[in-house]
Amino acid sequence: MHKKTKSNEGVDALALMRKWPGNGQHGRAMQMRAQVALAKRVSHISYEIRDIVRKAREVQKTGKKIIWMNIGDPNQYGFSPPVHITRAIHEALNDPKYSGYCPSEGDPELREAVAKAQETEKSRVFITSGLSEGIDFLFQSLLNPGDNILLPSPGYPLYNTKSRVLGGRDNFYCCSEDYLPSPEDIRKKINEKTRAIVVINPNNPTGAVYPRSLLQEIANIAGEHNLPIIADEIYDHLVLDGAPSINLRSLTKDVPLISGNGISKNFLYPGARVGWLAFSGEGTDALEGAIQKFCNQRLSVNWEMQRGALAAITTSPTHLEETHRQLLLRRDSFMKGISSIPSLHCPIPHAAFYTFVKVNSPKFRTDKEFVYSLLDETGVLVVPGSAFSPTLNGNYFRATFLPPPEEITEAFEKMGKFLKEKG
Ligand SMILES: Cc1ncc(COP(=O)(O)O)c(C=O)c1O
């Protein structure tokens with residue numbers, strides 16, 4: 001008998017029927033099996049950026065052209081990593097030295113190079129499988145159920161998901177209309193269960209770049225409360241105009257600081273899965289010990305790819321000039337599109353390849369309703385804003401401006417027509 005458990009409530013009973021090998025041939029009755037029960041934490045995992053792709057594929061099957069503006073992977077839009085990186089990986093692939101497990105905390109030369117770039121000691125650098133794994137290790141090391149890590153809203157959804165999976169409480173700080181964090185709100189939201197503050201600069205999903213004075217204020221607040229800052233700086237080489245991005249470690253010597261970075265974005269190599277955490281400031285010995293434990297239990301990051309990362313950060317980043325030029329063309333095309341549609345609004349993104357757009361139309365009750373009907377009717381694919389900002393009022397979407405400029409223009413023509421028809 002199929003036993004109904006909480007985890008499979010709502011699942012069609014027919015979907016639970018399984019034929020065992022030999023059914024029919026041996027005349028055995030079809031058997032019903034309960035779905036394997038899941039841990040509760042799984043229900044907290046949602047990742048709209050990828051979930052919506054399933055729906056887009058269905059629409060694509062109907063013959064409609066999809067304009068993909070959903071994902072921050074430059075390689076899906078014709079960008080590719082610099083050849084000196086791939087050459088270094090090829091060399092490592094041909095060297096049996098790199099076929100074994102790497103030291104768990106990372107390739108010694110890569111750690112040395114990251115430490116130099118981050119102005120810290122090699123022993124305080126941990127190489128992870130993308131910054132994503134570093135974020136996972138940090139949250140696992142810091143959060144007990146009921147605790148909170150202060151997150152930006154809007155922000156990158158992985159942080160919120162990680163917190164919820166670990167039983168953390170949501171705690172978001174607000175940003176201004178220009179998507180700059182509010183120091184007053186950060187101050188207000190810190191409570192006795194707060195374990196850290198996350199700062200994403202330059203920001204995904206908004207493309208905002210934070211000024212020095214604001215970063216200094218955040219560092220001061222963290223210092224006053226003795227809270228570590230997790231500084232996600234994964235887009236720091238991709239500032240498109242204005243002053244270069246300021247890394248938090250240049251503003252504070254003593255505040256406990258974990259700078260997160262990697263080669264996914266700055267070096268256009270997300271598939272390599274190499275990132276790192278670099279510690280600076282005081283009071284992080286135990287946390288560094290915990291990160292080492294997490295590194296040990298998963299043994300190693302792919303060694304050959306780390307050799308590619310070493311080439312990336314020890315060679316002059318000459319690819320950036322052309323990358324910026326291409327991104328600027330696309331960004332300008334995107335902003336032209338925005339200004340052609342009165343019901344859309346977003347501040348100019350000064351970095352990375354994202355925009356967080358407000359939709360001022362009474363026709364849509366929710367952001368999902370807007371995004372899904374836009375997809376159905378026009379084939380333009382963007383991501384609902386609520387995936388990045390559970391606290392924002394109003395309808396927003398996140399779009400990448402990675403497609404070629406002509407495709408961005410086409411997307412806006414379709415969007416303009418769609419919004420006009422909807423009234
Ligand atoms: C703000 C931010 N942090 C971290 C990551 C994850 O980076 P990685 O590919 O190194 O895991 C992303 C990926 O999009 C991101 O946007």
Side-chain angles (χ1 to χ4, degrees), residues 45 47-53 68-77 79 81 85 106 110 114 118 125-140 149 151-163 172 175 179 181 196-210 229-239 245 247-248 258-278 291 294-295 298 301-302 305-306 308-309 312-313 327 349-356 383 385 387-389 398-402:
I45 302 173
Y47 202 68
E48 197 81 45
I49 303 171
R50 286 185 181 254
D51 292 349
I52 197 172
V53 171
W68 305 88
M69 297 173 91
N70 58 313
I71 192 146
D73 180 353
N75 301 61
Q76 294 192 22
Y77 299 89
F79 292 83
I85 301 180
L110 177 58
V114 171
Q118 299 281 333
V125 172
F126 300 87
I127 310 298
T128 51
S129 180
L131 177 53
S132 303
E133 189 185 53
I135 295 166
D136 180 25
F137 290 174
L138 281 170
F139 274 47
Q140 293 211 60
I149 291 183
L151 304 179
S153 172
Y156 182 56
L158 175 65
Y159 288 101
N160 188 21
T161 297
K162 276 282 158 253
S163 164
F172 297 101
C175 293
Y179 299 134
I197 304 171
V198 170
V199 176
I200 306 172
N201 175 47
N203 189 271
N204 173 11
T206 66
V209 182
Y210 303 164
I229 300 179
I230 299 172
D232 181 331
E233 297 171 341
I234 196 139
Y235 298 96
D236 62 347
H237 290 1
L238 297 182
V239 178
S245 156
N247 296 114
L248 259 159
I258 308 108
S259 306
N261 216 317
I263 65 168
S264 292
K265 313 293 175 170
N266 288 333
F267 297 94
L268 307 169
Y269 211 154
R273 308 310 302 130
V274 182
W276 49 83
L277 302 174
I291 299 299
F294 278 106
C295 288
R298 64 85 168 98
V301 173
N302 182 309
M305 291 297 172
Q306 292 188 67
I313 60 170
L327 290 176
H350 292 297
F353 23 74
Y354 306 105
T355 52
F356 202 62
V383 186
F388 303 87
S389 181
R398 189 200 72 169
T400 65
F401 52 83
L402 284 165

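Counting convention: from 1, in listed order, for ligands and their atoms alike.
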Quick one: are Gln306 and Val301 in side-chain contact, heavy atoms under 4.5 Å?
yes
Return the residue, atom name and 0.1 Å-rounded distance of the protein heavy atom closest to atom 14 (O) of ligand 1.
Lys265 NZ, 3.0 Å
Decide whether the shortest distance between a heavy atom of Gly275 and an atom of ligand 1 is less than 4.0 Å.
no
Where on Ser264 is there a heavy atom closer than 4.0 Å to ligand 1, on the side chain, on the backbone, on both, or on neither?
side chain
Does Gly262 reach ligand 1, in the sense of a heavy atom lying below 4.0 Å from it?
no
I need the atoms of ligand 1 closer than 4.0 Å to a non-hydrogen atom of Gly130, numbered in the order shown.
10 (O), 11 (O)
Side chain, backbone, both or neither: the part of Ile200 lying under 4.0 Å from ligand 1 by heavy atom
side chain
Please list the nearest protein heavy atom to atom 5 (C) of ligand 1 with its residue and the distance rounded to 0.1 Å.
Tyr156 CE2, 3.5 Å
Residue, atom name and distance, where the atom is the protein heavy atom closest to atom 11 (O) of ligand 1:
Ser132 OG, 2.5 Å
Please find the pair of heavy atoms, one from Asn75 and one from Pro81, that lie closest to each other, and give the distance.
ND2-CD, 3.4 Å
What do you reckon, are the aromatic ring centroids of Tyr235 and Tyr354 less than 6.0 Å apart?
yes
Is there a side-chain contact between Asp73 and Thr400, using heavy atoms and a 4.5 Å cut-off?
no
Side-chain touch Asn261/Leu131, heavy atoms, less than 4.5 angstrom:
no
Sub-4.5 Å side-chain heavy-atom contact between Pro152 and Pro181
no
Is the shortest heavy-atom distance from the side chain of Val274 to the side chain of Ile127 under 4.5 Å?
yes
Measure from atom 10 (O) of ligand 1 to every heavy atom in Asn204, Val274, Leu131, Asp73 and give the option owning the shortest one.
Leu131
Atom indices of ligand 1 within 4.0 angstrom of Arg273 heavy atoms, with elements:
8 (P), 9 (O), 11 (O)
Tyr235: numbered ligand 1 atoms lying under 4.0 Å from its heavy atoms:
1 (C), 14 (O), 15 (C), 16 (O)
Side-chain heavy atoms of Ser259 within contact of Leu277, under 4.5 Å:
no
Tell me: protein heavy atom nearest atom 7 (O) of ligand 1, and distance?
Ile234 CD1, 3.6 Å
Any Glu133 heavy atom less than 4.0 Å to ligand 1
no
of all protein heavy atoms, closest to atom 1 (C) of ligand 1 is Asp232 OD2, 3.3 Å
Distance-minimising heavy-atom pair for Phe139 and Ser163:
CD2-N, 3.8 Å
